[in-house]
Number of protein chains: 2
Amino acid sequence: MGRPQKTHRASKDRSLNTRQALREAALELMDRDNSFDGLSLREITREVGVVPTTFYRHFSDMESLGLELVAESFRTLRELLKVARQTAVPGEKMIRRSVETFVTYVRAHRRHFQFLARERFGGVAAIREEIRTEVRLLQSELATDLGRFPVLKTWSTEDLNMVSGLMINAMIGIVEQVLSSRRRGQDDDELIMIAEKQLRLIILGVPQWRSQGD
Amino acid sequence: MGRPQKTHRASKDRSLNTRQALREAALELMDRDNSFDGLSLREITREVGVVPTTFYRHFSDMESLGLELVAESFRTLRELLKVARQTAVPGEKMIRRSVETFVTYVRAHRRHFQFLARERFGGVAAIREEIRTEVRLLQSELATDLGRFPVLKTWSTEDLNMVSGLMINAMIGIVEQVLSSRRRGQDDDELIMIAEKQLRLIILGVPQWRSQGD
DNA sequence: TGTACATCAGTGAACGCGCGTTCACTGATGTAC
DNA sequence: TGTACATCAGTGAACGCGCGTTCACTGATGTAC
């Protein structure tokens with residue numbers, strides 16, 4: 001009992017590597033052409049360099065691999081938001097810097113973002129629903145964050161959700177554009193500028209809101 | 001030569017019907033579960049009740065059927081916009097009524113909108129690109145429309161595009177929500193209310209824009 | 001330290017199946033004269 | 001009006017292929033004692 005509990009250590013390491021390799025192969029193949037729905041189990045194992053039956057050592061079927069990719073992709077996205085929350089200090093350049101960080105991050109993790117974008121409306125119901133649940137969660141988290149800003153302190157939860165929904169839709173639009181142009185540099189500069197303007201336009205409307213009633 | 005030019009009339013009628021039936025079967029099957037990428041040619045002909053080879057009498061391959069569905073779906077969308085343009089009289093209730101029309105129309109043509117939403121990020125590159133081209137076109141048309149409003153007369157083309165992009169992203173978000181809830185009635189009322197608020201928030205920001213410079 | 005046993009990721013053959021595509025055909029309809 | 005010919009949507013058999021899944025296996029590693 002005093003001995004280290006590293007049961008099947010090496011065996012588990014190998015297992016973890018293959019498991020991860022299967023996930024990565026799926027993302028890679030989806031980046032090359034397919035939707036998740038169009039991927040085959042054999043295609044994925046071929047990419048990894050293992051025999052098809054090995055797949056079943058790690059996942060019961062394709063859907064369970066897909067759900068794991070959803071979780072993995074949202075972990076990536078949440079890391080971005082965590083950093084954004086810590087570094088975002090309200091001020092002149094806050095929006096600009098947030099958008100820059102966002103675009104750079106999407107480029108750096110394009111396969112995760114592409115997976116989410118593609119499967120949000122995609123062909124596998126369980127995956128689609130999981131993604132939607134997570135997006136809704138994200139939206140209310142953003143709403144909570146927004147509620148801390150002085151101008152928004154008096155807003156109802158519903159209205160805060162409405163604004164955060166608008167912002168998230170704008171951001172999804174940005175993701176689409178980042179994903180559809182493979183080039184970096186100049187393309188991104190323009191994208192960043194547009195996204196910044198869109199967010200600023202939304203924010204300009206905010207102080208006018210209540211005075212107009214609803 | 002004086003005779004009516006109805007060459008192969010009945011033959012062509014039959015052909016048109018089957019062609020249309022193939023398109024509709026594809027939409028129906030996509031509504032049931034799959035992404036376009038996951039559909040098979042045989043599945044579609046089975047649904048129509050013809051032999052697989054008949055498919056080739058009408059389309060060279062699946063991709064060409066897909067591209068025809070893109071065209072068909074955008075024809076549907078453009079009809080909505082045409083009506084919207086003719087009936088939209090600026091005023092108190094304009095936004096509300098536009099959003100109501102929009103949601104009702106999306107419900108009535110859910111399979112077309114679902115196809116576009118799904119394949120916009122989908123697995124077939126040619127289809128994805130065709131959809132993006134059309135969306136971009138739509139965006140600049142809306143920008144032109146917006147430019148006719150007094151408040152926006154002095155805006156640059158780039159900024160008008162920025163606003164229309166924001167609005168289109170908000171509308172795509174609405175489409176997603178309409179598609180993901182099969183119920184009508186109360187759900188839609190709430191959706192309509194949120195969409196109306198989002199558009200109104202964007203519009204509230206507009207008069208503030210220039211005074212802030214950029 | 002040495003040995004017998006348990007675990008389990010990865011193997012490789014085999015299965016039945018639905019797939020896309022080819023081919024020569026059929027038969028209804030339209031056209032020419 | 002009648003007949004010979006052209007067109008062409010739909011047929012049905014056949015092909016080779018990649019698919020998901022099963023099964024009994026191997027062999028590396030860890031555990032018990």
Side-chain angles (χ1 to χ4, degrees), chain A residues 1-26 29-30 32-69 123-124 126-127, chain B residues 1-26 29-30 32-69 123-124 126-127:
Chain A
M1 283 300 162
R3 254 180 257 174
Q5 287 281 78
K6 38 169 150 175
T7 317
H8 293 153
R9 179 88 162 76
S11 178
K12 270 186 183 162
D13 275 3
R14 184 172 46 150
S15 167
L16 281 173
N17 291 338
T18 306
R19 195 184 179 84
Q20 191 183 329
L22 288 168
R23 273 192 259 111
E24 274 168 18
L29 290 168
M30 287 181 72
R32 243 178 261 161
D33 29 56
N34 292 308
S35 62
F36 184 79
D37 200 28
L39 282 185
S40 81
L41 181 154
R42 285 177 109 100
E43 214 177 344
I44 293 172
T45 55
R46 209 182 299 127
E47 177 80 11
V48 173
V50 291
V51 111
T53 36
T54 296
F55 185 90
Y56 294 104
R57 298 286 171 208
H58 301 282
F59 304 99
S60 59
D61 51 23
M62 285 290 287
E63 185 174 298
S64 97
L65 184 152
L67 290 173
E68 222 165 84
L69 286 177
V124 183
I127 293 176
Chain B
M1 285 299 161
R3 254 182 256 173
Q5 287 282 78
K6 40 168 150 176
T7 318
H8 294 154
R9 180 89 161 74
S11 178
K12 270 186 184 164
D13 275 3
R14 185 171 45 149
S15 168
L16 280 173
N17 290 337
T18 305
R19 195 183 180 85
Q20 190 182 328
L22 288 168
R23 272 192 260 112
E24 275 168 17
L29 290 168
M30 288 182 70
R32 245 177 261 163
D33 28 58
N34 292 309
S35 61
F36 185 79
D37 199 29
L39 282 185
S40 81
L41 181 154
R42 286 176 108 101
E43 214 177 345
I44 294 172
T45 55
R46 208 181 300 127
E47 177 79 11
V48 174
V50 292
V51 112
T53 35
T54 297
F55 185 90
Y56 295 104
R57 298 287 170 207
H58 300 282
F59 304 99
S60 59
D61 51 22
M62 285 290 286
E63 186 175 298
S64 97
L65 183 152
L67 290 173
E68 222 165 85
L69 286 177
V124 183
I127 292 176

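Worth knowing before you read on, the calculation uses all heavy atoms, side chains too, and leaves out hydrogens, waters and symmetry mates. Numbers restart at 1 for each chain; the letters A, B, ... are given by sequence-line order, proteins then strands. Keep in mind that what you see is a predicted model, and the values were worked out from it rather than measured.
The CD1 atom of A/I44 lies 10.5 Å from the CZ atom of A/R46; values are rounded to the nearest 0.5 Å.
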I need a per-nucleotide contact map over nucleotides 14-25 of chain C, read 5' to 3'. Cutoff is protein heavy atoms under 4.0 Å; write B for the base, S for backbone only, - otherwise. B----BBBBB--
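Not counting sequence neighbours, the partners of B/Q20 by the side chain to side chain contact (heavy atoms under 4.5 Å, CB included) test are B/R23, B/E24. Applying the side chain to side chain contact (heavy atoms under 4.5 Å, CB included) rule to B/A21 yields the partners B/V48; only residues at least two apart in sequence or on another chain are considered.
Straight-line distance from the CD atom of B/Q20 to the P atom of D/dG10: 13 Å, rounded to whole Å. The interatomic distance linking B/R19 (CZ) with D/dC8 (C1') rounds to 14 Å, in whole Å. In this structure, CZ of A/F55 is placed 19 Å from C1' of C/dG12, rounded to the nearest angstrom.
Between B/R32 and B/E47 a salt bridge is recorded (basic side-chain N to carboxylate O distance below 4.0 Å).
Among the protein residues, A/V51 comes within range of the nucleic acid bases, having at least one heavy atom under 4.0 Å from a base atom.
In DNA chain C, the stems built from three or more successive Watson-Crick or G-U pairs (distances below 3.5 Å) are C:2-33 with D:2-33.
No side-chain heavy atom of A/D37 sits less than 4.5 Å from a side-chain heavy atom of B/D37. The shortest distance between side-chain heavy atoms of A/V51 and A/T45 does not fall below 4.5 Å.
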Report, one line per pair, each donor and acceptor closer than 3.5 Å where one atom sits in a side chain of residues 56-66 of chain A; sequence neighbours left out.
residue: A/D61; atom: OD1; partner: A/E63; partner atom: N; Å: 3.4
residue: A/D61; atom: OD1; partner: A/S64; partner atom: N; Å: 3.1
residue: A/S64; atom: OG; partner: A/D61; partner atom: O; Å: 3.4

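Here ring pair (Phe, Tyr, Trp, His ring centres under 6.0 Å) pairs that include residues 32-51 of chain B, with residues two or more places apart or in two chains, number zero.
At the phosphate of C/dC8, neither OP1 nor OP2 sits under 4.0 Å from any side-chain N or O atom of A/H58.
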